Amino acid sequence: MITRRGMLKGSMGVAVGTVYSGTLISFLTGCGSDNNNDNGGKDDGGQVVVMPGGLMVVNPILCVGCRRCEAACGWNHEGDCGPTIARVKVAHNMNYGPHGVQSNYYDQRGEGGDFTLVPQTCHQCNVCMEVCPQKAISINEKTGAREVDESLCVGCGYCADKCPQQTIKVVRSKMKSVKCDLCQGDPNCAQVCTTGAIKFYTWEEAEDALDIYNNYTGLVG
């Protein structure tokens with residue numbers, strides 16, 4: 001028997017820690033269309049990261065750059081606020097988007113482009129874990145987060161240098177790498193985001209969303 005969760009995972013391609021797109025993604029991110037070509041063929045930047053604990057959904061169209069996510073993340077983990085200690089990054093995407101200055105920057109994400117901002121969160125891939133010479137990064141089997149063991153980390157910065165999303169950083173005050181640990185399955189950034197640009201769905205919530213989606217589209221009787 002095919003469960004709703006099985007359908008959800010199957011419709012997304014199923015690899016944990018991978019970014020997916022499509023009609024259900026558009027539904028979860030709140031986009032009005034399932035077509036990513038509405039803006040001259042440009043990807044709208046919406047993303048969903050699939051993990052054992054649920055789905056992290058990011059919709060840059062809704063981000064207003066308030067950076068509450070950064071402040072909440074820093075305070076929750078370090079007892080202080082600042083973009084250098086936050087695991088979620090908005091500041092470095094404000095000017096030219098997550099890919100930096102491109103030749104067609106005016107048609108890209110960012111204030112220097114189409115005026116959208118991109119809250120950049122960890123995709124929980126294995127890059128940082130694979131390059132760490134101290135083996136200080138491991139997978140939390142419950143949440144799927146790649147977590148830093150500060151007792152093993154020496155602050156060499158290899159992980160930060162190789163991170164595709166540039167969301168892992170070395171905090172110089174303690175010379176340790178810091179990255180998103182999904183707040184043990186209840187991400188603080190999603191809790192405080194007032195516009196819904198960052199959301200976290202548990203699998204139960206994602207199943208309910210799939211139910212609504214199926215009823216809305218008439219895909220399931």
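Quick caveat: nothing in here was measured; it's all calculated off a predicted structure.
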Taking all non-hydrogen atoms of both residues, which atom of [X] and which atom of [Y] are closest, and how far apart?
{"X": "Val101", "Y": "Tyr96", "answer": "CG2-CD1, 3.4 Å"}
{"X": "Val192", "Y": "Arg68", "answer": "O-NE, 3.1 Å"}
{"X": "Thr167", "Y": "Cys122", "answer": "OG1-CA, 3.6 Å"}
{"X": "Cys189", "Y": "Cys69", "answer": "CB-CB, 3.7 Å"}

With sequence neighbours excluded, tell me which residues meet side-chain contact (heavy atoms from CB on, under 4.5 Å) with [X].
{"X": "Asn126", "result": "Met129, Glu130, Ile139, Arg146"}
{"X": "Val64", "result": "Cys66, Thr195"}
{"X": "Ala86", "result": "Glu70, Cys73"}

Between [X] and [Y], a side-chain donor and acceptor under 3.5 Å:
{"X": "Asn188", "Y": "His77", "result": "no"}
{"X": "Lys179", "Y": "Gln165", "result": "no"}
{"X": "Asp114", "Y": "Gln108", "result": "no"}

To which residues is Leu117 joined in a hydrophobic cluster, defined by side-chain heavy-atom contacts under 4.5 Å among Ile, Leu, Val, Met, Phe, Trp and Tyr, whether direct or through other members?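 Same cluster as Leu117: Val90, Met94.
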
For the pair Lys176 (side chain) and Val171 (backbone), establish whether a donor and an acceptor sit closer than 3.5 Å, ignoring hydrogens and angles.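 No; zero donor-acceptor contacts below 3.5 Å.
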
Thr143 backbone acceptor or donor facing Asn140 side chain under 3.5 Å: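 At least one qualifying donor-acceptor pair exists.
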
Partners meeting side chain to side chain donor-acceptor pair (under 3.5 Å) with Asp80 (sequence neighbours left out):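 So Asp80 forms no side chain to side chain donor-acceptor pair (under 3.5 Å) with any residue.
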
Using 4.0 Å as the upper bound for N to carboxylate O, is an ion pair formed by Arg87 and Glu78?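 Result for this pair is yes, salt bridge flagged.
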
Apply salt bridge (Lys or Arg N to Asp or Glu O under 4.0 Å) to Lys142 and list each qualifying residue two or more places apart in sequence or on a separate chain.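 Partners of Lys142 by the salt bridge (Lys or Arg N to Asp or Glu O under 4.0 Å) criterion come out as none, since no residue qualifies.
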
